[in-house]
Amino acid sequence: MNQTKSLDPYTPGVLSLLPLIYVGWSDSVLSPSEVSKIRQTIINLSFLTEADKTYLNQYLDPASPPSDRVFKSWLNIIKTQAQNLSKNQKISLIDLSLQIAQAGIDPKYTGTWDKKATQEALKSLEIALAIDSPRSADILLHQISIPTSVDKHQEEAWNSEEMMRLLDGDHHKIKQRMRTLLKDPLFQMTHIADKEVYRQRVLNQVKALAEQGVSAYSLPKKYGGGERDSDHISVFEQLAYGDLSLTVKFGVQFGLFGGALFQLGTAHHHNTYLEAMHRAQLLGCFCMTETNHGSNVKGLKTTATYDPDTDEIVIHTPDPSAGKEFIGNALHSTMAVVFAQLIVDKISHGVHAIIVPIRDNQGHTLNGITIQDCGYKLGLNGVDNGRLWFDHIRVPRENLLNRFGNINDQGQYESTIENPSKRFFTMLGALVTG
């Protein structure tokens, strides 16, 4: 939660925007379009000081809503500044904003405030936030009276909201947040024939969800997560009511790739990759499926051979049929978790997962790695499925996700699970959520 120091006293510029930002957060969601519009408004209002901008921008992080303390302080200052205004001066949020800004000008205030420019900016912002209602000011100031009697017919009427809460159960809050978020124009369902345009749109949506913080619910708090697996599943469930291309790509990035890093990795991998992963700054894919293995994961042909001379693991595709097949996120990722037969001192220890960089920071495919676009599909063209082959790709020993099997400093394989079959199924079982 944001706890940054408040402005004291509030300036006219901040006061003029405060009611709309307060109402914008009233449903606990600032969608990507809303955040963008508010930020642009702040930029366009030239009379706002740097201190004003810093104060307002700190409360525009979708993943970190203002705290209850901040909300109460906003409501108190709005009420304080509005208490001497007549009813005619509070007929809309814009009127309210302009009046409290003007009423709150401190005699010692030496800055400038452009009322006309503010009015124009607020009108556009009010529409963008979908709160351009003449009753918004009254709602904000708690001036709408509660009926003292209820019509019998109305009392017996169907209450869809109550039923929604009942069906949502303990996860109503997160599900309602997702339903509100997915109403944003960025997530509107639309037909896009060009797969590249479609894929870029879905990628932008994934990054927007990451900015909202809904990508990290299942991760530990020390990595920016919420330690709530069920909330992660609730998010995924709500996405499935919309564009399934987004559902799949979200699942690959945060469930499969992220899940493998978290569930199969150890502290080194968590500290290095998890936060960048859930913020969608590090995009990755999950390379398990091969062309010829079908559902026989234990029979994967890709090899990961330890080289003691260089202390590296060599990832190799022995033949075309062992290529990684139909891999989601393959065309956008810079990194892959590759499942392969781990060979140490000429002994195969079964399937393990290894982190393998596949592109540089400019998006160019690295030498020795071949990536082929799966092309258009009968549906889900917003997902960038691809095929990958590895030609003796060398990665550091530390890239082995070693929660269940490790290569120690002496170059020897070790595991707390001696039985290879039990170790294999334990590894797969850890990925159930993903």
Side-chain angles (χ1 to χ4, degrees), residues 1-86 89-133 136-143 211:
M1 294 294 182
N2 283 302
Q3 299 295 339
T4 305
K5 185 178 179 181
S6 300
L7 287 182
D8 188 20
Y10 287 85
T11 64
V14 170
L15 285 171
S16 62
L17 291 173
L18 210 54
L20 270 74
I21 294 178
Y22 179 94
V23 176
W25 269 118
S26 62
D27 60 2
S28 300
V29 176
L30 269 190
S31 70
S33 297
E34 291 172 342
V35 171
S36 177
K37 184 63 179 179
I38 295 174
R39 284 178 176 162
Q40 192 59 50
T41 300
I42 291 172
I43 292 172
N44 291 342
L45 291 176
S46 59
F47 58 82
L48 290 177
T49 67
E50 288 304 314
D52 290 343
K53 293 177 181 179
T54 299
Y55 177 81
L56 293 168
N57 279 316
Q58 70 178 309
Y59 297 115
L60 300 182
D61 180 359
S64 183
S67 66
D68 290 340
R69 179 185 62 79
V70 171
F71 269 122
K72 288 178 182 177
S73 70
W74 285 354
L75 186 58
N76 286 337
I77 192 65
I78 291 169
K79 281 187 172 182
T80 299
Q81 297 303 123
Q83 63 185 354
N84 295 322
L85 301 180
S86 68
Q89 291 174 312
K90 295 181 288 188
I91 60 173
S92 74
L93 270 181
I94 291 181
D95 291 320
L96 175 62
S97 299
L98 295 174
Q99 294 295 339
I100 67 171
Q102 193 162 352
I105 296 179
D106 190 280
K108 299 178 182 179
Y109 180 67
T110 58
T112 60
W113 178 58
D114 188 333
K115 182 176 181 179
K116 183 177 180 181
T118 303
Q119 185 175 21
E120 293 174 354
L122 291 180
K123 182 60 179 176
S124 177
L125 185 59
E126 193 180 45
I127 295 172
L129 297 179
I131 52 177
D132 50 335
S133 164
S136 295
D138 284 338
I139 293 172
L140 173 61
L141 297 173
H142 302 282
Q143 292 180 344
E211 187 178 355

Quiz item: Are T41 and N44 close enough, and set up right, to give a side chain to side chain donor-acceptor pair (under 3.5 Å), and what steps lead you there?
Solution: CA-CA 5 Å; T41 300; N44 291 342; 5.8 Å; no
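- Side-chain contact between T118 and I94: absent, with no pair of heavy atoms (C-beta onward) separated by less than 4.5 Å.
- Between the side chain of S73 and the backbone N or O of V70 there is at least one donor-acceptor pair closer than 3.5 Å.
- With contacts defined as side-chain heavy-atom distances shorter than 4.5 Å, the pair I38/L30 qualifies.
- The structure places CG of L17 at 5.5 Å from CG of L56, a figure rounded to the nearest 0.5 Å.
- Between atom CG of residue L48 and atom NZ of residue K53 there is a gap of 6.5 Å, rounded to the nearest 0.5 Å.
- For Q40 (side chain) and K37 (main-chain N/O), no donor-acceptor pair under 3.5 Å exists by modelled atom type.
- Going from atom CG of L20 over to atom NZ of K123 covers 10.5 Å, rounded to the nearest 0.5 Å.
- Listed for the W25 side chain is a donor-acceptor partner under 3.5 Å among the backbone atoms of Y59.
- With hydrogens and angles disregarded, a donor-acceptor distance shorter than 3.5 Å links the side chain of E34 to the backbone of S31.
- The heavy-atom pair separating P66 from F71 by the smallest distance is O-CE1, 3.5 Å.
- A donor-acceptor pair under 3.5 Å links the side-chain atoms of S16 to the main chain of G13, judged by distance alone.
- Looking only at side-chain heavy atoms (C-beta outward), S97 and L15 stay at 4.5 Å or farther from each other.
- The distance from the CG atom of D52 to the CG atom of L45 is 10.0 Å, given to the nearest 0.5 Å.
- In this structure, T54 contributes its side chain and E50 its backbone to a donor-acceptor pair below 3.5 Å.
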